[in-house]
Each structure stands twice: as structure tokens, then as C-alpha cells.
A.B. asks: 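Starting off with a structure, shown below.
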Amino acid sequence: MIIEEMTLTDFERIKENLQIDFDDFWNPSILKSELESKNSKYIIAKENDEILGFAGIIITPMDVEITNIVTKKSQRKKGIGKLLLGKLIEMAKQTNLETISLEVNEKNCIAINLYEKYDFKKIGVRKKYYNGVDNAIIMTKVLK
Ligand SMILES: CC(C)(COP(=O)(O)OP(=O)(O)OC[C@H]1O[C@@H](n2cnc3c(N)ncnc32)[C@H](O)[C@@H]1OP(=O)(O)O)[C@@H](O)C(=O)NCCC(=O)NCCS
């Protein structure tokens, strides 16, 4: 398994089946514009030339935000999420900013478990953030 920077060519390879293979809420055009943004950095996990997961951060003046982390549905529970998150944290540390943060649906226990494993702490809630229904939990981790 290798982790490397995600390119627009990688995006072209996965875009047709993005929602089926990876996650339902992902809109390909949002991902493409994030890949083109100079403030975003995306990585992929790849094995035998197959993209098994991807994840990204946006670097803001205040902190580093995780925009998403997703493993291919057929490849979950094999440690790929941990590999991607570990790499994002490593990249965030290189910015010299103090924190890395994210928003996660409070019902997404799997992702919350993953973030807690890496010492992210719940610091707030955005009420009815997802589709006007589900709350978002804001989590943060001190980098220094
Ligand atoms: C969250 C996600 C990225 C985890 O990816 P993964 O490759 O399956 O994760 P890993 O195999 O590295 O597991 C990492 C940890 O997540 C938690 N986890 C993973 N699957 C789990 C499950 N079915 N039930 C409970 N916890 C689970 C565990 O804490 C696990 O650590 P452990 O294996 O040491 O117990 C994946 O489920 C996914 O793509 N979900 C859809 C997208 C999403 O919700 N992203 C988060 C948006 S904020």
C-alpha cells in the first residue's frame, strides 16, 4: 500500500463511480474544485494501481481542516482509514499551525472512533448542520 498525492488524473479514474464505490454524499464537482484549490491537499491510498481511499485537508490561516477521509466500501476495516489519517496529521504538522480540526455527523460512530483513536477531542456541536437534521460534532487535535 502506498500513500501519495492525489492528482486530477486520479480523480478522473474514480469520478464515475465515486458515490457507488466510496461514499454516497460525495459530489464529484466539489472534489474536483478542491483538488484545484491551492489551499487544499489530497492524498490517495493505492495498491496494485487501485485507488482504495482518499483524504484531504484545507489549510486556513487559523488551522488545518480535514475535508474528508473515505475508504472504498469494499476495503473498509483493513486499516486504510488509519493510514490516511496518520498521513494527514503528518502533513498538518508541517504547516506549523497549532490545531487540526474537522466536522463529523454525530451519528457517524465509525469515523468518530477513528478520530478519537488519534486523540481528536470533541469541542463543539453545530446543530442540524447536515440536511437541516443531523448535528455536526466539531473535533480538534493539538498538533504541537
Ligand atoms: C470512516 C472510514 C474512513 C474508516 O475507514 P477504514 O479504512 O474502514 O478504517 P480503519 O480500518 O483504518 O479503522 C480505523 C478505526 O475506525 C474505527 N472503525 C472502523 N470500522 C468500524 C466499525 N465497523 N465499527 C466501529 N468502529 C470502526 C475503529 O476505531 C478502527 O480502529 P481499529 O481497527 O483499531 O479498531 C470509512 O468507514 C469510510 O470511508 N466511511 C465513509 C466516509 C466517512 O464517513 N468519512 C468520515 C467523514 S467525517
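Counting starts at 1 for both ligands and their atoms, following the listed order. These numbers come from a predicted model, not from an experiment.
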A.B. asks: Does an N or O from F22, backbone or side chain, lie closer than 3.5 Å to an N or O of ligand 1?
C.D. replies: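 It does not: no N or O of F22 is found under 3.5 Å from an N or O of ligand 1.
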A.B. asks: Tell me, with the steps shown, if V70 and F54 meet side-chain contact (heavy atoms from CB on, under 4.5 Å).
C.D. replies: CA-CA 6 Å; V70 56; F54 61 90; 3.4 Å; yes
A.B. asks: If you measure from atom 10 (P) of ligand 1 to every heavy atom of G86, A45, G79, A136, which option wins on shortest distance?
C.D. replies: G79
A.B. asks: In terms of atom number and element, which parts of ligand 1 are under 4.0 angstrom from non-hydrogen atoms of V70?
C.D. replies: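 That gives atoms 39 (O) of ligand 1.
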A.B. asks: Can you name the atoms of ligand 1, numbered from 1 with element, that are less than 4.0 Å from a heavy atom of K78?
C.D. replies: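 Near K78, meaning under 4.0 Å from one of its heavy atoms, ligand 1 has 11 (O).
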A.B. asks: Is any side-chain heavy atom of T71 less than 4.5 Å from a side-chain heavy atom of L52?
C.D. replies: no
A.B. asks: Judging by distance only, is a nitrogen or oxygen of K82 under 3.5 angstrom from one on ligand 1?
C.D. replies: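 Between K82 and ligand 1 (N or O atoms, distance only) the closest approach is under 3.5 Å.
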A.B. asks: Between L143 and D63, is there a side-chain heavy-atom distance shorter than 4.5 Å?
C.D. replies: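 They are not in contact (no side-chain heavy atoms under 4.5 Å apart), so the answer is no.
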A.B. asks: Within the structure, does D23 bring an N/O atom to less than 3.5 angstrom of an N/O atom in ligand 1?
C.D. replies: no
A.B. asks: How long is the span from the CG atom in L31 to the CG atom in L18, to the nearest 0.5 Å?
C.D. replies: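 L31 atom CG to L18 atom CG measures 6.0 Å (nearest 0.5 Å).
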A.B. asks: Output the list of atoms in ligand 1 that are nearer than 4.0 Å to some heavy atom of I80, sorted by atom number.
C.D. replies: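 Contacts of ligand 1 toward I80, numbered from 1: 7 (O), 12 (O).
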A.B. asks: Taking the side chain as every heavy atom from C-beta outward, state whether E103 and I138 have any pair of such atoms under 4.5 Å apart.
C.D. replies: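 With C-beta onward as the side chain, the pair touches.
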A.B. asks: What I'd like to find out is whether the side chain of R126 reaches to under 4.5 Å of the side chain of E106, using heavy atoms alone.
C.D. replies: no
A.B. asks: Counting heavy atoms only, which part of N108 comes closer than 4.0 Å to ligand 1: side chain, backbone, both or neither?
C.D. replies: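 The part of N108 near ligand 1 is the side chain, not the backbone.
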A.B. asks: Quick one: which ligand 1 atoms are inside 4.0 Å of a heavy atom on Y115?
C.D. replies: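 The atoms of ligand 1 under 4.0 Å from a heavy atom of Y115 are 46 (C), 47 (C), 48 (S).
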A.B. asks: Check this for me: does any side-chain nitrogen of one of K87 and E90 sit under 4.0 Å from a carboxylate oxygen of the other?
C.D. replies: yes
A.B. asks: Identify which of E103, K117, Q75, K107 has a heavy atom lying nearest to atom 32 (P) of ligand 1.
C.D. replies: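 The residue whose heavy atom sits nearest atom 32 (P) of ligand 1 is K117.
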A.B. asks: If two hydrophobic side chains count as joined below 4.5 Å and joins carry through other members, does Y118 share a cluster with M91?
C.D. replies: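 Result: yes, single cluster for both.
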A.B. asks: Can you check which of L52, N113, T67, I69 brings a heavy atom nearest to atom 43 (C) of ligand 1?
C.D. replies: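 Among L52, N113, T67, I69, the closest heavy atom to atom 43 (C) of ligand 1 belongs to I69.
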